[in-house]
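Residue numbers start from 1 in every chain, and the chains themselves are labelled A, B, ... in the order their sequence lines are given, proteins ahead of strands. All heavy atoms count here, side chains included; hydrogens, waters and symmetry mates do not.
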Amino acid sequence: MAEIVRIANIAAHVGEQVTLEGWLQLKTGKGKLQFLRVRDGTGFIQAVIFKPNVSEEVFEAAKRMPLESSLIITGNVKADERAPGVPGGFELDVTDLTVVQESEEYPIAPKEHGVEFLMDNRHLWLRSSRQWAILRVRARIIRAMRDWLDDNGFILVDTPILTPSAAEGTTTLFKTDFHGEDAFLAQTGQLYNEANIFAFGRVYCFGPTFRAEKSKTRRHLQEFWMVEPEIAYCKLEQLLEIEEQYVSYIVQTILKECAAELKLLERDTTHLERVVAPFYRISYDDAVQMINKAAGEGVTVPPNDDPLPPIEWGGDFGSPHETFVASQFDKPVFVHHYPSAVKAFYMEPEPGRHEVCRSADLLAPEGYGEIIGGSERMSDPELLLAAIDRHGLPREAYQWYIDLRRYGSVPHSGFGLGVERTVAWICGLDHIRETIAFPRMLGRLRP
RNA sequence: UCCGCGAUAGCUCAAUCGGCAGAGCAAGCGGCUGUUAACCGCAAGGUUGGAGGUUCGAGUCCUCCUCGCGGAGCCA
């Protein structure tokens with residue numbers, strides 16, 4: 001048997017005889033020729049079996065072999081500009097083939113399928129080239145997210161998943177049992193991050209978060225991953241500069257390093273190429289004016305071209321409002337200084353104008369919505385206590401959190417960036433369900 | 001929770017006014033030396049999501065239920 005190589009490294013073996021270990025992705029036959037598309041996890045390559053070049057048994061086995069059969073295949077590597085695959089341009093002239101397991105009839109055919117069928121077969125759907133590309137981009141995005149923070153003075157401090165209290169709304173918590181006491185799956189690590197900055201200055205947590213929202217849309221999961229940086233001695237203005245540097249780095253890294261995957265996904269990258277700091281900034285006040293002007297003119301918004309509803313000052317933006325505001329800009333836009341009443345209790349009020357808070361959401365272009373929520377945090381213990389009371393939250397559960405403001409409180413800020421929404425945006429996906437291997441959605445716990 | 005749409009062969013979908021349930025793909029058999037979701041030929045494949053109702057007659061109309069999809073609210 002020849003040297004075992006991986007498809008990603010095939011270019012280094014042109015003219016050599018090599019062995020690949022993989023699976024049969026696709027097959028077309030033509031008399032004495034069989035074209036096999038073979039996948040080994042690192043890429044895809046076309047293997048050509050010409051009947052006179054192999055034994056009778058090998059040719060018959062190749063002809064009979066169903067899709068997704070596992071196989072070990074040996075042949076000569078040829079460069080050919082026209083050959084399909086990832087990386088394309090190479091072909092394997094087969095000399096020998098061993099079927100490791102002949103697959104049963106594979107349910108997912110190389111044709112269109114419905115969403116429910118594909119989701120029921122998610123454990124198999126992952127093998128398709130499109131899902132392969134998406135999940136590789138996801139992995140690279142996560143690496144970029146962590147690289148930038150690690151290289152810019154942030155330290156990873158993991159925060160708990162089992163928590164005794166809510167950080168935000170209480171209606172969207174998954175409840176579990178902690179030896180007889182109610183416990184909840186974390187919606188965020190932020191409150192713990194705020195403790196950690198006093199030890200480390202700049203920290204981040206990265207992990208799964210859980211929201212039992214009754215949301216069934218293309219942008220929602222019940223379980224999603226989030227990176228949450230938190231920074232001591234940081235005001236809102238400085239926070240936005242960090243955010244735009246951060247997002248620019250992630251997008252530009254993917255453009256550079258996942259070009260093959262984005263091409264396979266047929267992603268038009270012209271929008272992404274523009275994602276370079278600085279981003280746009282618009283206040284909530286101005287955004288409301290912009291929305292109401294457009295609503296008065298009868299502007300409609302995708303996906304259903306419904307009329308844009310007007311908004312009263314003080315209300316939170318609905319999905320159509322976000323979509324409209326984002327569509328007015330050719331790269332991401334910050335909407336800052338939301339009304340305090342519609343935001344979480346811990347956001348710092350604007351001095352001299354307490355009805356708005358020092359918060360900012362980052363809206364991605366192309367209708368992908370809010371990918372970052374961030375704010376300056378309340379640093380005054382008295383104001384914080386009042387806010388906790390106003391939101392009807394139990395003081396005792398937040399005692400330690402209030403404590404942070406009693407021992408060397410400083411201005412500090414942080415944000416949360418959703419991994420799946422970022423993946424959907426960068427890959428140009430219609431639905432968030434493809435951005436994670438096994439999505440947990442309303443009404444979908446398995447596979 | 002609310003609004004809208006849908007469920008027919010393994011998969012994706014047709015079926016006119018209520019009148020014989022039909023294709024493509026997959027699987028099976030045969031053919032082909034350059035295919036890219038190949039192509040050509042043959043053969044096969046059905047409790048039309050479930051329960052009830054209207055009718056001479058229901059995939060089609062009505063009621064209820066189940067499941068799915070899209071959207072709203074909420075959010076990353």
Side-chain angles (χ1 to χ4, degrees), chain A residues 25-37 44-53 59 63-64 66-68 78 80 82-85 88 91 93 103-121 128-130 167-172 187-188 190 208-228 301-306 309 315-323 342-344 361-364 368-374 415-425 430-433 435 441-444:
Chain A
Q25 182 99 11
L26 194 65
K27 181 175 71 167
T28 64
K30 194 174 193 319
K32 296 184 172 59
L33 275 172
Q34 292 289 326
F35 299 94
L36 315 181
R37 185 148 87 221
F44 306 83
I45 192 167
Q46 175 163 279
V48 184
I49 305 184
F50 184 38
K51 196 171 181 183
N53 292 351
F59 192 78
K63 208 169 151 183
R64 192 182 60 241
L67 295 185
E68 287 304 321
K78 278 195 331 191
D80 185 337
R82 299 162 305 171
E91 197 171 84
D93 247 340
S103 175
E104 293 179 26
E105 185 184 338
Y106 191 62
I108 301 180
K111 65 188 288 285
E112 285 185 27
H113 293 283
V115 168
E116 187 183 9
F117 177 79
L118 288 171
M119 287 308 300
D120 285 343
N121 287 284
S128 74
S129 56
R130 194 180 154 78
E168 295 171 10
T170 47
T171 56
T172 60
Q187 294 177 307
T188 170
Q190 181 205 312
T209 53
F210 306 86
R211 304 220 178 148
E213 292 165 2
K214 299 268 185 270
S215 298
K216 197 172 176 177
T217 80
R218 66 183 65 193
R219 295 184 310 280
H220 286 88
L221 293 168
Q222 303 285 294
E223 175 184 306
F224 67 97
W225 289 65
M226 187 158 64
V227 61
E228 295 178 275
V301 284
N304 297 334
D305 290 330
D306 292 327
D316 204 358
F317 289 168
S319 185
H321 301 128
E322 260 182 18
T323 304
V342 301
K343 288 291 179 186
D361 290 347
L362 182 66
L363 307 184
Y368 285 95
E370 183 184 343
I371 55 168
I372 286 183
F415 65 95
L417 171 61
V419 169
E420 286 77 13
R421 285 191 185 173
T422 305
V423 174
W425 168 43
D430 292 335
H431 201 292
I432 201 163
R433 64 181 154 237
T435 62
M441 300 182 297
L442 197 60
R444 168 75 61 183

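Within the 4.0 angstrom heavy-atom criterion, only backbone atoms of the sugar-phosphate kind lie near A:G114; the bases stay farther away. Note on A:P66: nothing from the nucleic acid sits closer than 4.0 angstrom, heavy atoms only. Among the protein residues, A:R82 comes within range of no part of the nucleic acid, since none of its heavy atoms lies under 4.0 Å from any strand. The residue A:I108 sits apart from the nucleic acid: no heavy atom pair falls under 4.0 Å. Counting non-hydrogen atoms under 4.0 angstrom, A:S319 reaches the backbone sugars and phosphates but no base. Residue A:R433 is in sugar-phosphate contact alone, with no base atom involved, counting any heavy-atom pair closer than 4.0 Å across all strands shown. Heavy atoms of A:Q222 sit nowhere under 4.0 angstrom from any nucleic acid atom. Counting non-hydrogen atoms under 4.0 angstrom, A:P107 reaches nothing in the nucleic acid. Within the 4.0 angstrom heavy-atom criterion, base atoms lie near A:L33. Among the heavy atoms of the strands lying under 4.0 Å from A:K216 is at least one base atom, whether or not backbone atoms are also near. Within 4.0 Å (heavy atoms only), A:D361 reaches no atom of the nucleic acid at all. Residue contacts for A:F224: at a heavy-atom cut-off of 4.0 Å it reaches a base atom on one of the strands shown. At the heavy-atom level, A:E322 lies under 4.0 Å from base atoms of the strands shown. At the heavy-atom level, A:L221 lies under 4.0 Å from base atoms of the strands shown.
The same atom, P, is picked in B:rA37 and in B:rC25; the two are 15 Å apart, to the nearest Å. Remark: the separation of the C1' atoms in B:rC29 and B:rC62 is 48 Å, to the nearest Å. The P atoms of B:rU12 and B:rU8 are separated by 8 Å, rounded to the nearest whole Å. A distance of about 33 Å separates the P atoms of B:rU63 and B:rA23, rounded to the whole Å. Remark: the separation of the P atoms in B:rG49 and B:rA44 is 25 Å, to the nearest Å. For B:rA15 and B:rG30, the P atoms lie 37 Å apart once the distance is rounded to whole Å. Straight-line distance between the C1' atoms of B:rC13 and B:rA26: roughly 15 Å, to the nearest whole Å. Distance noted for atom P between B:rG45 and B:rG10: 12 Å (whole Å).
Using N1 to N3 plus N6-O4 or O6-N4 for Watson-Crick, or N1-O2 and O6-N3 for G-U wobble, each under 3.5 Å, B:rA14 pairs with nothing. Of all nucleotides present, only B:rC29 satisfies the Watson-Crick or G-U wobble test against B:rG41, with each distance under 3.5 Å. Pairing partner, B:rU66: B:rA7, with both Watson-Crick or wobble hydrogen-bond distances short of 3.5 Å. Pairing for B:rU54 is absent, with no Watson-Crick or G-U wobble pair whose two atom distances lie under 3.5 Å. Across all strands shown, the partner of B:rA72 is B:rU1, judged by Watson-Crick or G-U wobble contacts whose two distances both fall under 3.5 Å.
Between B:rG34 and A:K30, a contact under 4.0 Å exists linking OP1 or OP2 to a side-chain N or O.
Minimum atom distance to the side chain of A:V48 is reached by B:rG34, of the listed B:rG34, B:rG68, B:rG73. Taking every side-chain heavy atom of A:F117 into account, B:rC11 is the closest of B:rC11, B:rC74, B:rU33. Listed candidates were B:rA26, B:rA76, B:rG34. Nearest to the side chain of A:E91 is B:rG34. In the set B:rA76, B:rA26, B:rC11, the nucleotide with an atom closest to the side chain of A:K111 is B:rC11. Each of B:rC75, B:rG71, B:rA37 was ranked by its minimum atom distance to the side chain of A:R218; first place goes to B:rG71. Taking every side-chain heavy atom of A:T28 into account, B:rU35 is the closest of B:rA76, B:rU35, B:rA37.
Between A:R219 atom CZ and B:rG70 atom C1' the separation is 12 Å, expressed in whole Å. The distance from atom CE of A:M119 to atom P of B:rC67 is 17 Å, rounded to the nearest whole Å. The CG atom of A:N121 sits 9 Å away from the P atom of B:rC11 (whole-angstrom rounding). In this structure, CD of A:E68 is placed 22 Å from P of B:rG10, rounded to the nearest angstrom. Taking atom CD1 of residue A:I49 and atom P of nucleotide B:rU33, one finds them 15 Å apart after rounding to whole Å. Counting to the nearest Å, the C1' atom of B:rG73 and the NE2 atom of A:H321 are 12 Å from each other. The separation between A:F35 atom CZ and B:rU35 atom C1' is 4 Å, rounded to whole Å. When the C1' atom of B:rG70 is taken as reference, atom CE of A:M441 falls 13 Å away, rounded to whole Å.
B:rC17 takes the syn form, because its glycosidic angle lies no more than 90° either side of 0.
Contact of A:H113 with B:rC11 (side chain to base): no donor-acceptor pair of N or O atoms is detected under 3.5 Å. Contact annotation: side chain of A:R421 to base of B:rC75, donor-acceptor pair present below 3.5 Å. Residue side chain A:S215 reaches the base of B:rC74 through a donor-acceptor N/O pair under 3.5 Å, judged by distance alone. For B:rU35, the base has no donor-acceptor partner in the side chain of A:Q34 [N/O atoms by modelled type, under 3.5 angstrom].
When only modelled atom types and interatomic distance are considered, A:S129 and A:Q25 share no side-chain donor-acceptor pair under 3.5 Å.
Side chain of A:R37 to backbone of A:G85: no donor-acceptor contact under 3.5 angstrom is found. Looking only at distances, no side-chain donor or acceptor of A:R219 sits under 3.5 Å from a matching main-chain atom of A:R421. A:K27 places a side-chain N or O within 3.5 Å of a backbone atom of A:K63 that can act as its donor or acceptor partner. For A:T209 (side chain) and A:T188 (main-chain N/O), no donor-acceptor pair under 3.5 Å exists by modelled atom type. Not a single donor-acceptor pair under 3.5 Å links the side chain of A:H321 to the backbone N or O of A:D316.
When each of A:R37 and A:R64 is assigned the nucleotide of RNA chain B bearing its nearest heavy atom, the one mapping closer to the 5' terminus is A:R64. In terms of position along RNA chain B, the nucleotide closest to A:H431 lies nearer the 5' end than the nucleotide closest to the other residue of the pair A:H431 and A:G418.
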Please step through side chain to side chain contact (heavy atoms under 4.5 Å, CB included) for the pair A:T217 and A:M441, ending with a clear verdict. CA-CA 9 Å; A:T217 80; A:M441 300 182 297; over 6 Å; no
Check step by step if side chain to side chain contact (heavy atoms under 4.5 Å, CB included) holds for A:I432 and A:H220. CA-CA 7 Å; A:I432 201 163; A:H220 286 88; 5.8 Å; no
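Between A:D361 and A:G373, the shortest heavy-atom contact is OD1-CA, 3.5 Å. Across every non-hydrogen atom of A:G416 and A:E228, the tightest pair is CA-CG, 3.9 Å.
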